[in-house]
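Inspection log for the structure reproduced underneath, given as structure tokens.
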Amino acid sequence: GHAGFSEVMKACWHGLATAGVFVLMLNGCRQTWLMLLPLQGSKIGLPKTSIGAIVAAGKFVDGFVGMTLSGVVMDKLGRRAVGVPAMLIISLGYLASIVARTDLQLLLASLTFGFGNGLTGGIATTLSADLAPPWARAQFMGLWKMTTSNGS
């Protein structure tokens, strides 16, 4: 038959409360970064072209690491072994950005964030696929999206 909301929630609450909340925090970090980096660049007096280049450099590292390393490392070491250190690296990027006073310092912050974020490339989808019960995949994915979305 058709699995109900409460049945799926009862069976999957732990994964939603742990991995789901982790992905919610990760999504929040990603969305906030999109505003923080340009604002910090503006605050320290960088021209828009420099800010754009710094953003682009971080995005490049993010994409490169996401395409080349994240899946391999996640499969080899596990989701948690990648997710937790990646969030710490992302946190270092945040810290570096708020103390940055020069273009080079802000670039290093952007590259740091990009590396950490790149390591988490695909982790939300991978975790949801790992946790979805075979008997209620669609219902679980609805609960997953509800848990991990923050307006983004």
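These values consider heavy atoms only, across backbone and side chains, with no hydrogens, waters or symmetry-generated copies.
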Donor-acceptor pair, side chain of [X] and main chain of [Y], under 3.5 angstrom:
{"X": "Gln31", "Y": "Asn27", "value": "no"}
{"X": "Thr120", "Y": "Ile123", "value": "no"}
{"X": "Ser50", "Y": "Leu46", "value": "no"}
{"X": "Tyr94", "Y": "Ile89", "value": "no"}
{"X": "Gln40", "Y": "Ser97", "value": "yes"}
{"X": "Ser128", "Y": "Thr125", "value": "yes"}
{"X": "Gln139", "Y": "Ala3", "value": "yes"}
{"X": "Thr18", "Y": "His14", "value": "yes"}
{"X": "Ser149", "Y": "Met146", "value": "no"}

For [X] against [Y], the heavy-atom pair lying closest together:
{"X": "Val23", "Y": "Ala124", "answer": "CG1-CB, 3.6 Å"}
{"X": "Trp135", "Y": "Val8", "answer": "CZ3-CG2, 3.9 Å"}
{"X": "Gly41", "Y": "Ile51", "answer": "C-CD1, 3.5 Å"}
{"X": "Gly122", "Y": "Thr126", "answer": "O-OG1, 2.7 Å"}
{"X": "Arg137", "Y": "Ala132", "answer": "NH1-O, 3.1 Å"}
{"X": "Trp33", "Y": "Ser110", "answer": "CZ2-CA, 3.8 Å"}

Under a single-linkage definition using a 4.5 Å side-chain heavy-atom cutoff for Ile, Leu, Val, Met, Phe, Trp and Tyr, are [X] and [Y] assigned to the same hydrophobic cluster?
{"X": "Phe5", "Y": "Leu16", "answer": "yes"}
{"X": "Val84", "Y": "Leu127", "answer": "no"}
{"X": "Leu34", "Y": "Ile98", "answer": "no"}
{"X": "Val55", "Y": "Ile44", "answer": "yes"}
{"X": "Leu119", "Y": "Met25", "answer": "yes"}

What distance separates [X] [atom1] from [Y] [atom2], expressed to the nearest 0.5 Å?
{"X": "Leu69", "Y": "Met74", "atom1": "CG", "atom2": "CE", "result": "10.5 Å"}
{"X": "Leu131", "Y": "Arg79", "atom1": "CG", "atom2": "CZ", "result": "9.5 Å"}
{"X": "Thr112", "Y": "Leu95", "atom1": "OG1", "atom2": "CG", "result": "10.0 Å"}
{"X": "Asp62", "Y": "Ile90", "atom1": "CG", "atom2": "CD1", "result": "8.5 Å"}
{"X": "Trp13", "Y": "Leu143", "atom1": "CH2", "atom2": "CG", "result": "14.5 Å"}
{"X": "Trp144", "Y": "Leu24", "atom1": "CH2", "atom2": "CG", "result": "10.0 Å"}

Kindly indicate whether the side chain of [X], heavy atoms from C-beta on, has any atom under 4.5 Å from the side chain of [Y].
{"X": "Leu26", "Y": "Asn117", "value": "yes"}
{"X": "Leu106", "Y": "Arg101", "value": "no"}
{"X": "Arg80", "Y": "Phe22", "value": "no"}
{"X": "Asp103", "Y": "Ile54", "value": "yes"}

